[in-house]
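Everything below concerns the one structure shown next.
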Amino acid sequence: MVVERPTLETVWGWLDTVPDPEIPVISLTDLGIIRDVQWQDDTLEVTVTPTYSGCPATTIINLDIETALRGHGIEKLALKRQLSPAWTSDWMTDSGRAKLEGYGIAPPQPAGGPQHCPRCKSTHVERISQFGSTPCKAQWRCTDCLEPFDYFKCI
Amino acid sequence: MSDNLFEFLCRMGDNTLVLGHRVSEWCGHAPVLEEDIALANTALDLIGQTTLWLDLAGEVEGAGRDADKLAFHRDVWGFRNLLLVEQPNGDFGQTMMRQFLFDAWHLSQLNALMDSSNTQIAAIAEKSAKEVTYHLERATETVIGLGDGTEESHNRMQAALDKLWPYVGEMFTLDDVDAAMVDAGIAPDPASLRPAYDALLDDVFAAATLTKPQDDFGHQGGKSGKRHSEHLGHMLAQMQWLQRAYPDATW
């Protein structure tokens, strides 16, 4: 029996719908951690890079990719880890940034801090801590509406 | 050569493992919630880096040991971490002083390793350096904030510096393993990192109103594994008890 291999475009489309386990409003492709998808003969090879080396979501992410692709009938699958070039928040897509902001998390900015409060849009914000509820986030506060919020760190 | 490379990788991985465990001891005990989260995140980064270093060490050794085996199935004399990182947490100030003294060395070591002739080492260094940049930034701010803070916080930070200073020298000593790494273009000569380290410390301590101790005596024996302090065994007893009680348990 000859089964037609799905095109790479189709596979990328499937991966677009796999949510990040910690921040489910964005997908793994929004996050920019899927670096490559290739067919090696009849094996589908997916290259993934971790956001932070100790991020506990990494193993869940690999499991979610595997589950999703197996669900679409991929039988031979290889997940490759790539460390270099190291992940940077610059790889996050524009739609990912917009979704983060809509969710209440300020997207990463090259200036090193949020552009404005994701709720009231005031630019009067202050840092509470460089670290937050996940390795990729820091805690900030709006000095106008006084709401604390997460900022997705720029690395 | 592969023996020396294994030793070197254990040094990198044991530093991050032992410090990562030490810092994680703060989880749920830090003075304020934000610091608790920051400490736990720092520990998490360090443990993540440990996995990368020790998995590679196991691969180089070729004896079927992975990061978990190396972390949980070696005893004190098998560890190659610096004496600095195994020192007890003390108060929050002492923990942050230890972090600063280590981070300042760690970041320049990682920056140098990004040019390593070994591409796997260069990749781990590239990944780790981004995280450690954050660690150093936070440790620097905290050392300055507490050093130049109240009389109480200043005194505690000066006491922490005085206590930990004798463990700084070991980071910059050269032994046969280091020399083999330098010859192979894998890692920098430890002494070459000292001038920039001293310059950074001078700047930070000036801002923190802290005085660097005059005496440059440095305890040795951590990275060679020959003379760990008594603290490491107690830490391992806690860290390894599950694998010792139930060898090879998984979940």
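All figures in this text were calculated on a predicted structure; none of them were measured in a lab. Values below: all heavy atoms of this structure, side chains included; hydrogens, waters and symmetry mates excluded. Naming convention: chains lettered A, B, ... in sequence-line order (proteins, then strands); numbering from 1 in each chain.
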Chain A contact via [X] - side chain, backbone, both or neither, heavy atoms under 4.5 Å:
| X | value |
| --- | --- |
| B:Glu34 | both |
| B:Glu35 | neither |
| B:Leu52 | side chain |
| B:Ile124 | both |

Closest heavy-atom contact between A:Leu100 and A:Met92?
CD1-SD, 3.6 Å

Looking at every heavy atom in both B:Arg98 and B:Leu84, which two are closest together, and how far apart are they?
CD-O, 3.4 Å

Establish, yes or no, whether the cationic atom of A:Lys137 lies under 6.0 Å from the six-membered ring centre of A:Tyr151 and within 45° of the ring axis.
no

Highest number of heavy-atom pairs under 4.5 Å with chain A: which of B:Ile47, B:Thr133, B:Thr119, B:Leu44?
B:Leu44

From the list B:Lys127, B:Gln120, B:Gln49, the residue making the most non-hydrogen contacts under 4.5 Å with chain A is B:Lys127

Let me confirm one number: the OG1-CG distance from B:Thr95 to B:Leu39, rounded to the nearest 0.5 Å.
7.0 Å

Interface moiety of A:Gln130 toward chain B, non-hydrogen atoms closer than 4.5 Å:
both

Report which part of A:Thr88 has an atom under 4.5 Å of a heavy atom belonging to chain B: side chain, backbone, both, or neither.
both

Strictly by modelled atom types, are B:His135 and B:Asp45 linked by a side-chain donor-acceptor pair under 3.5 Å?
yes

May I ask you to check whether over 12 heavy atoms, not counting those of A:Glu126, lie within 6.0 Å of atom CD?
yes

